[in-house]
Protein chains: 2
Amino acid sequence: MDTVFKALSGATRRQLLDRLHSSNGLSLGELCAEMGMTRQAVAKHLTLLEAANLVVVRRRGREKLHYLNPVPITEIADRWIGKYERHKVRVLADLKRGLEERSDG
Amino acid sequence: MDTVFKALSGATRRQLLDRLHSSNGLSLGELCAEMGMTRQAVAKHLTLLEAANLVVVRRRGREKLHYLNPVPITEIADRWIGKYERHKVRVLADLKRGLEERSDG
DNA sequence: GAAATGTGCAACTAATTGGTTGCATGTCAA
DNA sequence: TTGACATGCAACCAATTAGTTGCACATTTC
């Protein structure tokens, strides 16, 4: 659980999750594109994401394919939002998002 | 949004949220108890939690009361879990939790 | 099997972070 | 208005982190 928060704490790692969210199953090389840093740096970040089980990998020949695993993310909310509180909070969040989209979205 | 992840990245700050989750509206002094560090350190952590809007405060005389705000936490999940994917992932998370409770809980 | 491609591992540096100490400010009670 | 309590602010230090460079290993292709 600790590892999940650690993994999510870095902007680079969140960006990697964004990439995988919009295009799942990318290789290390593909993930490096547009990241503006060395391949080794990206690989280190992916190691943390794997340790947190936020990313799972599958090898294909010399390539390593990365897939986003959303389960640990839901467990974050479960820690501080009670089961019967969820719906109420979701309504609030949706309302907030709606207002933001109208004003500056 | 960035500030939320930064705030959640520290174990001490997560512990503070735990305290507020089980007993909302505590003062700085009350939050310091059982934290095993100086008041100033705790105050710094609370500053970050406020900046992230995870904690909102209300002054009462010379005291500063702290309240947990769960909305930013739901927004984390929204970033990487699509609206129509939520239900499926929740079922998986509940299943996982159920299995864990049976085995080692 | 040699070259090109894709990845793995380790040492190093600059910047950030988590905690400390010391002192200042504001509020309540007598 | 003095003393006690609750909090605020700033300088400082040790440990962690984000990125780098350099080299090694594995797989495909010719």
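Throughout, protein chains are lettered first and strands after them, A, B, ... in sequence-line order, and every chain is numbered starting at 1.
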Item to complete: Could you identify which residues of residues 6-24 of chain A place a heavy atom less than 4.0 Å from some atom of DNA chain C, listed by residue number, or say none?
Response: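 Within residues 6-24 of chain A, no residue comes under 4.0 Å of DNA chain C.
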Worksheet item: If only side-chain N and O atoms of A/Thr38 are considered, is one of them under 4.0 Å from the OP1 or OP2 phosphate oxygen of D/dG19?
Response: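 No.
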Discussion item. Quick check on D/dT17: is either OP1 or OP2 less than 4.0 Å from any side-chain nitrogen or oxygen of A/His45?
Written reply: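 Checking D/dT17 against A/His45, no side-chain N or O comes under 4.0 Å of OP1 or OP2.
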Worksheet entry | Of all pairs that satisfy salt bridge (charged side-chain N to carboxylate O under 4.0 Å, His left out), the ones with a partner from residues 66-81 of chain B, not counting sequence neighbours |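 Found A/Asp18-B/Arg79, A/Arg90-B/Asp78, A/Lys96-B/Glu75, B/Asp78-B/Arg86.
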Item to complete: Not counting sequence neighbours, list each pair that qualifies as a salt bridge (charged side-chain N to carboxylate O under 4.0 Å, His left out) and has a residue in residues 31-48 of chain A.
Response: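 Passing the test, one end in residues 31-48 of chain A: no pairs.
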Practice prompt. For the pair B/Arg59 (side chain) and B/Leu65 (backbone), establish whether a donor and an acceptor sit closer than 3.5 Å, ignoring hydrogens and angles.
Written response: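 No, because the side chain of B/Arg59 does not come within donor-acceptor range (under 3.5 Å) of the backbone of B/Leu65.
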Practice prompt. Give, ordered by number, those residues of residues 27-34 of chain B having at least one heavy-atom distance below 4.0 Å to an atom of DNA chain D; if nothing qualifies, reply none.
Written response: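 Those residues whose heavy atoms fall under 4.0 Å from DNA chain D, taken from residues 27-34 of chain B in numerical order, are B/Ser27, B/Leu28, B/Gly29.
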Discussion item. I need the residues from residues 49-56 of chain A with at least one non-hydrogen atom less than 4.0 Å from DNA chain D; give them sorted by number, or say none.
Written reply: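 Those residues: none at all.
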Discussion item. Let's test your reading of the model: under 3.5 Å, does the base of C/dG18 pair with the side chain of B/Lys44 as donor and acceptor?
Written reply: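 Check fails, no donor-acceptor contact within cut-off.
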Worksheet item: Donor-acceptor pair under 3.5 Å: do we get one between A/Lys64's side chain and the base of C/dG6?
Response: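 Checked by distance alone, the answer is no.
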Worksheet item: What is the bend of the helix from C/dG1-D/dC30 to C/dA30-D/dT1 when you compare the axis at one end with the axis at the other, using five pairs each and rounding to 10°?
Response: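 End axes: 30° apart.
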Contact check, side chains of [X] and [Y], non-hydrogen atoms, under 4.5 Å:
X       : Y       : value
A/Pro72 : A/Ile76 : no
B/Val57 : B/Leu46 : no
B/Thr74 : A/Leu92 : no

Discussion item. B/Thr12: which residues meet the side-chain contact (heavy atoms from CB on, under 4.5 Å) condition with it, sequence neighbours left out?
Written reply: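 If we apply the side-chain contact (heavy atoms from CB on, under 4.5 Å) test to B/Thr12, skipping adjacent residues, the hits are B/Met35, B/Met37, B/His45.
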Which residues share a side chain to side chain donor-acceptor pair (under 3.5 Å) with [X], sequence neighbours left out:
X       : answer
B/Glu63 : B/Arg60
B/Glu30 : B/Ser27
B/His66 : none
A/Lys64 : A/Glu50

Fill in: side chain to side chain contact (heavy atoms under 4.5 Å, CB included) evaluation trace for B/Val71 with B/Asn53
CA-CA 9 Å; B/Val71 172; B/Asn53 201 29; over 6 Å; no
Item to complete: Consider the side chain of A/Ala41, meaning its heavy atoms from C-beta on, and name the nucleotide among D/dT7, D/dT20, C/dG6 that approaches it most closely.
Response: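 The closest nucleotide is D/dT20.
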Worksheet item: Looking only at heavy atoms, which two atoms of A/Leu68 and A/Pro70 are closest? And how far apart?
Response: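 Shortest heavy-atom separation between A/Leu68 and A/Pro70 comes out as O-CD, 3.7 Å.
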Distances under 3.5 Å between nitrogen or oxygen atoms of protein and nucleotides 23-28 of chain C:
from	atom 1	to	atom 2	distance (Å)
C/dT27	O2	B/Arg62	NH1	3.3

